[in-house]
There are 2 protein chains.
Amino acid sequence: MGATMKDIARETGLGLATISSYLNGGNVREKNRIKIEEAIEKLHFEVNEVARGLKTNRTKTIGIILPELNNIFFSEIITAAEDLLRSHGYATMICDCRSDVKREEEAAEFLLHRRVDGLIMMPTGAEKKVFDRFRKSGRPVVLIDRRMENGDCDCVLVDNEGAAQNAVKRLMKKGHKKIGMITGPDNVYTARERQRGYELAIQESSKARSAQQSDLKGKTDRTDTKLLADGNYTIAGGAKAMRKLYEDNPDMTAVFISNYEMTVGAMMEINDLGIKVPEELSVIGFDNMDFARAVVPRLTIVTQPTEEIGQAAANLLLSHLEDKDETSDKTSDKIETTETIWLKTGFVEGESVADIS
Amino acid sequence: MGATMKDIARETGLGLATISSYLNGGNVREKNRIKIEEAIEKLHFEVNEVARGLKTNRTKTIGIILPELNNIFFSEIITAAEDLLRSHGYATMICDCRSDVKREEEAAEFLLHRRVDGLIMMPTGAEKKVFDRFRKSGRPVVLIDRRMENGDCDCVLVDNEGAAQNAVKRLMKKGHKKIGMITGPDNVYTARERQRGYELAIQESSKARSAQQSDLKGKTDRTDTKLLADGNYTIAGGAKAMRKLYEDNPDMTAVFISNYEMTVGAMMEINDLGIKVPEELSVIGFDNMDFARAVVPRLTIVTQPTEEIGQAAANLLLSHLEDKDETSDKTSDKIETTETIWLKTGFVEGESVADIS
DNA sequence: CTGAAAGCGCTAACAC
DNA sequence: GTGTTAGCGCTTTCAG
C-alpha cells in the first residue's frame with residue numbers, strides 16, 4: 001500500500017530519526033530537507049496516524065456522545081465543535097445514542113476502546129461512572145447542556161433560568177398578567193431550570209405588586225399550576241400542552257414555550273384552534289431562527305448560542321489536552337479543578353407579542 | 001494505564017496467541033476460557049483498537065464527508081448510517097466541509113491519513129481524484145445524493161426526476177395548468193434532475209392535449225421559462241423566487257418548490273404577500289415532515305427516504321468491506337463493478353393543493 | 001489447541 | 001543533526 005518512513009529513509013539514504021524529526025517540525029539540514037521532500041513527493045508518502053497513535057498513546061481523536069444528531073440544537077453545536085477541533089488536527093467520532101441511556105453507555109465503552117483522547121458529551125441520563133473511566137485514565141471530559149447531579153466535571157452551560165425569567169418579564173412589561181408556560185420533562189436539567197426562571201419572574205412581580213398595594217402585603221401569590229403544562233420536549237407533547245393551557249385558562253393572554261420541538265407543536269395547535277397571534281394570544285418560543293421567521297407572524301424567541309457552546313466545549317477540551325502535553329508525567333495526576341462556562345442566551349423579537357398595557 | 005494482553009497472559013500463564021484467539025472468537029479450551037475471562041475482569045482489560053488497527057491495517061472506521069451537518073436532510077442520513085455502521089463495530093469520522101470544495105479536499109486528505117477503511121461522501125463539488133486515492137488503495141467509496149460526472153463509483157441516489165414529475169402531474173390532475181417551479185442551482189445534480197422532471201410532466205401533458213385537439217397537433221408547447229425561478233437552494237433564494245413567480249405570472253395557480261430551504265423561504269414570502277393557500281395558490285414543497293405539519297394549511301410535500309438512503313449507503317460499504325475480508329489478497333484487485341442504488345421518494349398529502357378541475 | 005517470535009509504522013532515547 | 005535501537009499492543013505465521 002502506501003509508502004512508509006522506512007521507504008523514504010531508504011530512498012534518501014537517511015536514518016529514520018531524521019525523517020521523523022522532519023515530519024515533526026524538528027531541525028533538519030537544508031539539503032536533507034529537500035531530499036526528504038522529494039522522496040515524499042515521489043513515493044506519495046503520508047504519515048500513518050494509526051501507528052503514530054499507538055506509539056504516542058494519543059489518537060488525536062475526540063469522542064462526542066449526544067442524544068440525537070438529527071436535532072438542530074445539537075447539530076449546530078457539533079458543527080462548531082468539529083470545526084474547531086479539526087483545525088487543531090483532531091478528528092471527531094460522533095455517537096448518537098437516540099436518547100437511550102443504554103446506548104449511551106455502549107457509546108462510551110466503544111469510544112474508550114477506540115482510545116479517544118477526550119470526550120464531549122451531552123448527557124441523556126448517564127451516571128457519573130460512565131464517563132469517570134475516561135477521567136481516571138487521564139482523558140478530559142466536557143459536559144454540555146445538562147449538568148450531572150454530583151457534577152465535579154467540566155461543563156458548558158447556558159443560563160436557562162435567566163433566559164426563561166427574562167422572557168416572562170418581557171411579557172409582563174407588555175402588560176401580560178396571565179402567562180402560561182409549556183414545560184419540559186421533570187427529569188431533564190434544562191427543563192427544570194427553565195421552569196424555575198418562569199416561577200421566579202411570576203413571584204417577583206407579585207411581590208412588587210403587593211409592595212404597592214399595602215392591603216395585599218403578606219399574601220404570597222404562588223405560581224398558578226393551572227398555567228403550567230408539560231409538553232415533554234416533543235412536538236406532539238407541545239401540541240397537547242397548548243390545548244390544555246388554552247382550555248384551562250380562558251383568560252390567559254400569553255404563553256412561553258420552553259424548547260423548539262414544543263414550539264412547533266404549539267404552533268400547530270394554535271393554528272388548529274384558530275387562535276390569532278398575537279391579537280388573542282402572545283407567544284414566546286425557543287430556539288431555531290429559521291422556523292421563527294417562517295411562521296406568521298414571525299415568532300419572538302429565546303435563542304441559545306449554539307456556535308459558542310460548541311466552541312467553548314472544544315476549547316475547554318483542547319486546553320486540557322495541551323496542558324497534558326506540556327506537563328511531565330509526574331505532575332499529570334495533580335488534582336485538576338473543574339471549570340464551568342456559563343453562556344448567555346439571546347432574545348429575538350418577532351411580532352408574536354402584543355402590547356396590552 | 002490500561003492492562004494489555006501481555007498482562008493477562010502473565011496473569012493466566014497462557015501465551016499471547018491463546019488470548020488473541022479468545023478475543024477474536026477462536027476456540028479456546030473451556031478452563032482456559034474461564035481463566036482468561038477472570039483475568040480480563042480483574043485487570044479491567046480492554047483491547048486497544050489502535051494497536052489492532054495498526055496490525056491488521058484495518059481501522060474499523062468509516063469517514064463521512066458532507067456539505068453541511070447542520071441540515072436536516074443530511075443529518076437524518078448520517079444518523080441512519082452511523083447507527084448501522086456502529087452496530088457492525090465501525091466508528092464514523094464525520095467531516096463537515098461547509099459546502100466548500102477546498103475544505104472537502106482537505107477532509108478527504110485528513111481521512112486518508114487517518115486510514116479510514118471506507119468513505120461515504122455527499123459531494124459538494126469534488127472531482128474524481130479526491131476520492132480516487134481511496135479507491136486506489138483498495139478502500140471502498142460510496143457517493144450519496146449527487147452523482148459524479150464520470151461516475152464509475154458506487155452511489156445511492158433518489159429518483160429526483162420521477163419525484164418532481166409525479167408532483168407536477170398531481171397538480172395537473174387537480175386541474176392546474178399554469179404551474180410554477182422554484183428550482184435549485186444549475187451546478188447541482190439534484191437540482192437539474194428535479195427541473196427535468198417538471199419539464200417532462202409539462203411536455204407530456206401538452207402532448208396529450210394536442211393529440212385530442214387535432215388543430216394544435218405538431219405545435220410543440222415548450223416549457224414556459226417565465227414559470228421557472230431559481231431559488232439557489234436557500235431560504236432567501238426561495239423567498240425571492242416566490243415573489244418573482246408571483247409577479248410574473250398573475251394566472252399561475254400552483255407552485256412546486258424543489259428543496260426544503262426554498263420551501264421555508266417561499267412560505268415566508270407567501271405569507272408576506274398575503275396569498276391564501278390553497279385558495280389562491282396551491283403549493284407542493286420538499287422534505288421535512290415536521291415543517292409541513294406546522295404550517296397552515298399543512299403542506300403537501302415530496303419526501304426523501306433519508307433513513308433508507310443512510311442505510312443503503314452503509315450496507316453497500318459494509319458489503320465491500322466484508323468481501324475484502326474474505327477474498328485472498330491476490331484476488332482483491334479484481335475489477336469491481338460499481339453499483340448504483342435508486343430509491344423512491346415519497347409523497348405526503350397536506351391541504352395545500354386545491355382541486356380546481 | 002497453544003506458545004514463541006516476528007513485525008505492523010511510528011517515536012524517542014541514546015550515542016555519535 | 002543524524003543513525004541506531006527498542007518498543008507501543010496487537011495479530012499471525014509456524015511449530016509443537
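Chain letters run A, B, ... following the sequence lines, proteins first, then strands; residues in each count from 1.
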Atom-pair distance ([atom1] on [X]; [atom2] on [N]), nearest Å:
X         : N       : atom1 : atom2 : value
Leu23(A)  : dT2(D)  : CG    : P     : 13 Å
Lys60(A)  : dG9(C)  : NZ    : P     : 22 Å
Ile19(A)  : dA12(C) : CD1   : P     : 16 Å
His113(B) : dC10(C) : NE2   : C1'   : 15 Å
Phe45(A)  : dG9(C)  : CZ    : C1'   : 8 Å
Leu14(A)  : dT4(D)  : CG    : C1'   : 14 Å
Leu54(B)  : dG7(D)  : CG    : C1'   : 12 Å
Lys31(A)  : dG1(D)  : NZ    : P     : 14 Å

By nearest atom, which of the nucleotides [options] is closest to the [X] side chain?
X        : options                   : answer
Ala17(A) : dC10(C), dA12(C), dT12(D) : dA12(C)
Lys6(B)  : dC8(C), dT2(D), dC8(D)    : dC8(D)
Met5(A)  : dG1(D), dG9(D), dC10(C)   : dC10(C)
Arg29(B) : dC10(C), dT2(C), dC10(D)  : dT2(C)
Asn32(A) : dT2(D), dG9(C), dC1(C)    : dT2(D)

How would you label the contact of [X] with the nucleic acid (heavy atoms, under 4.0 Å): base, sugar-phosphate, or nothing?
X        : result
Tyr22(B) : nothing
Leu16(A) : base
Val50(A) : nothing

Checklist entry - Quick check: does any side chain N or O of Ser21(A) sit under 3.5 Å from a backbone N or O of Ala17(A), one acting as donor and the other as acceptor? => result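 Absent.
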Would you tell me if any nitrogen or oxygen in the side chain of [X] comes within less than 4.0 Å of OP1 or OP2 on [N]?
X        : N       : value
Asn57(A) : dC8(D)  : no
Asn48(A) : dC8(C)  : no
Ser20(B) : dT11(D) : yes
Thr56(B) : dT11(D) : no
Arg52(A) : dT11(C) : yes

Next on the checklist: Pick the closest DNA chain C nucleotide for Lys55(B) and for Ser21(B) by heavy atoms, then say which residue is nearer the 5' end.
Outcome noted: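 Its nucleotide being nearer the 5' end, the pick is Ser21(B).
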Pair [X] + [Y], salt bridge at N-O below 4.0 Å:
X         : Y         : value
Lys102(B) : Glu105(B) : no
Lys129(B) : Asp132(B) : no
Arg52(B)  : Glu49(B)  : yes
Arg103(A) : Glu106(A) : no

N/O contacts under 3.5 Å, protein versus nucleotides 14-16 of chain C?
none

Checklist entry - Are Arg114(B) and Thr59(B) close enough, and set up right, to give a side chain to side chain contact (heavy atoms under 4.5 Å, CB included), and what steps lead you there? => result CA-CA 9 Å; Arg114(B) 295 298 186 136; Thr59(B) 53; over 6 Å; no
Checklist entry - Shortest non-hydrogen contact from Met93(A) to Leu111(A)? => result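 For Met93(A) versus Leu111(A), the nearest heavy atoms are CB-CD2, 3.8 Å.
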Next on the checklist: Would you say CD of Glu11(A) has more than 12 non-hydrogen atoms from neighbouring residues, nucleotides or ligands within 6.0 angstrom?
Outcome noted: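 For Glu11(A), atom CD is crowded (more than 12 foreign heavy atoms under 6.0 Å).
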